[in-house]
There are 2 protein chains.
Amino acid sequence: MQAIRRDVFQAIADPSRRDMIRLLSRKPMHLNEIAAHFDMSRPAVSKHVRILTECGLLQISNQGRERHCSLNTAKLREVDRWLNQYRHFWNRKLDALEKHLDNMPDPFPEP
Amino acid sequence: MQAIRRDVFQAIADPSRRDMIRLLSRKPMHLNEIAAHFDMSRPAVSKHVRILTECGLLQISNQGRERHCSLNTAKLREVDRWLNQYRHFWNRKLDALEKHLDNMPDPFPEP
DNA sequence: TATTTACGTAACCATACGGTTACATATATG
DNA sequence: CATATATGTAACCGTATGGTTACGTAAATA
């Protein structure tokens, strides 16, 4: 269907997809549940979900006939890392603290 | 030429434009200087510059026949603010510190 | 003044995007 | 088994995107 450049930056470029991200950050939903929140056809939602999935922002687990969509927030770190190189421009105080934090052990290590 | 949705998210969706942002974060350049760094025609660069300008990421000052392009990093804060609502998902330690920082006076106040 | 330089702009092109309707398929449920 | 439900997929459509070439124009320079 649609293909080629499928990265996080392109995924969050669309306002509807940003809305979906926000929606799914509250709680995981199946596809129809998502579609109910949007003023567009279900196939259109399906396409957006596919795009979000293809770039790793969404994880889908099939539960019977339902497709359970849950947000993979870790993927947004890519955007955050990209912003990191500019953040010092507008927030020197945070920048200084990030450097400090980089030398600290992670209090919430992931397995 | 091109119109409609012109926001920061759409602007940074294109990898070439992200490259231009990085390039201009080092130092301001005029248009031909930018074009020299890219494997595309000058009008193509001109279009990208126009898009970046239209969404406020670039400021252009005419210096004679040259167009001096300088990055407006403040516009990237929009993306940063959007990310803020998700950052706690992957970085609790930074989140906690941001809250702390919000209560601190800005050591680098802008006039 | 003539010419080079640094751009903008218009017209065009192939393809991507975001949406639709219509239909197919797999799973629950009566 | 028949049917309703949850979803995928295909075909289509108008417009946006990202690029090109060709040409126009204002400012610097010879």
Side-chain angles (χ1 to χ4, degrees), chain A residues 1-24 27-71 79, chain B residues 1-24 27-71 79:
Chain A
M1 196 178 316
Q2 288 154 139
I4 296 214
R5 201 177 63 230
R6 194 103 315 169
D7 57 54
V8 187
F9 290 94
Q10 192 255 351
I12 66 172
D14 185 84
S16 297
R17 284 195 289 268
R18 288 201 297 279
D19 286 344
M20 288 180 192
I21 289 172
R22 190 154 48 88
L23 197 62
L24 290 164
K27 70 180 177 82
M29 291 182 182
H30 52 264
L31 203 136
N32 270 356
E33 205 174 348
I34 300 173
H37 287 80
F38 291 88
D39 189 26
M40 65 177 82
S41 68
R42 185 191 46 75
V45 173
S46 196
K47 279 192 186 183
H48 283 303
V49 165
R50 167 190 270 257
I51 289 172
L52 290 169
T53 307
E54 279 178 0
C55 78
L57 271 169
L58 246 54
Q59 287 160 334
I60 298 189
S61 63
N62 289 12
Q63 299 189 341
R65 61 184 163 182
E66 297 180 358
R67 316 246 299 156
H68 212 62
C69 307
S70 63
L71 189 66
V79 183
Chain B
M1 194 180 314
Q2 288 152 142
I4 299 215
R5 200 178 63 231
R6 195 103 314 170
D7 57 54
V8 187
F9 290 94
Q10 192 255 351
I12 66 171
D14 185 85
S16 296
R17 283 196 289 269
R18 289 201 298 278
D19 286 345
M20 289 182 191
I21 289 172
R22 189 155 49 89
L23 197 62
L24 290 164
K27 71 183 177 79
M29 292 182 180
H30 52 264
L31 203 136
N32 270 356
E33 204 173 347
I34 300 173
H37 287 79
F38 292 88
D39 188 27
M40 65 177 83
S41 69
R42 185 191 47 75
V45 173
S46 196
K47 280 193 186 183
H48 283 304
V49 165
R50 167 191 270 257
I51 289 172
L52 291 169
T53 307
E54 280 178 359
C55 78
L57 272 169
L58 246 56
Q59 286 160 334
I60 299 189
S61 63
N62 289 12
Q63 299 189 342
R65 61 184 164 184
E66 295 181 358
R67 315 244 301 156
H68 211 62
C69 307
S70 62
L71 189 65
V79 183

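Numbered from 1 within each chain, the chains take letters A, B, ... in sequence-line order.
Residues meeting the side chain to side chain contact (heavy atoms under 4.5 Å, CB included) test with Thr53(A), sequence neighbours left out: Val49(A), Leu58(A), Ile60(A). By the salt bridge (charged side-chain N to carboxylate O under 4.0 Å, His left out) test, Arg22(A) pairs with Asp19(A), sequence neighbours left out. Checked against side chain to side chain contact (heavy atoms under 4.5 Å, CB included), Pro43(B) has the following partners two or more places apart in sequence or in another chain: Ser41(B). For Arg42(A), there are no salt bridge (charged side-chain N to carboxylate O under 4.0 Å, His left out) partners at least two apart in sequence or on another chain.
For the pair Arg50(A) CZ and dG18(C) P, the computed distance is 14 Å after rounding to whole Å. Atom CD1 in Ile51(A) sits about 15 Å away from atom C1' in dT9(D), given to the nearest Å. Rounded to whole Å, the distance from CE on Met40(A) to P on dG14(D) is 20 Å. Whole-Å rounding puts the Met29(B) CE to dA6(C) C1' distance at 16 Å. With rounding to whole Å, Phe9(B) atom CZ is found 18 Å from dC17(C) atom P. The separation between Ile12(A) atom CD1 and dG18(C) atom P is 13 Å, rounded to whole Å. Whole-Å rounding puts the Phe38(B) CZ to dT20(D) C1' distance at 18 Å.
At distances below 3.5 Å, at least one donor-acceptor pair connects side-chain atoms of Arg17(A) with backbone N or O atoms of Ala11(A).
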How does each nucleotide of nucleotides 2-7 of chain D score, in 5' to 3' order, for protein heavy atoms under 4.0 Å: base (B), sugar-phosphate only (S), or none (-)? --BBSB
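A close approach under 4.0 Å does not occur between any side-chain nitrogen or oxygen of Ser41(B) and OP1 or OP2 of dG19(D). OP1 or OP2 of dC17(C) has not a single side-chain nitrogen or oxygen of His48(A) nearer than 4.0 Å. Residue Gln10(A) places no side-chain N or O under 4.0 Å from the OP1 or OP2 atom of dT17(D).
In this structure, Met40(B) and Ser16(B) have side chains that are in contact, with non-hydrogen atoms separated by less than 4.5 Å. Looking only at side-chain heavy atoms (C-beta outward), Glu33(A) and Lys27(A) come within less than 4.5 Å of each other.
Summarising the geometry of Arg18(B) relative to Ala13(B), their closest heavy-atom pair is NH1-O, 3.3 Å, with the distance given to 0.1 Å. Listed here is the closest heavy atom pair of Ile12(B) and Ile21(B): CG2-CD1, 3.9 Å.
DNA chain C is contacted by both Asp39(A) and Pro43(B); Pro43(B) maps to the nucleotide lying nearer its 5′ end (nearest heavy atom per residue).
Of all the residues in residues 55-64 of chain A, not one reaches under 4.0 Å from DNA chain D with any non-hydrogen atom.
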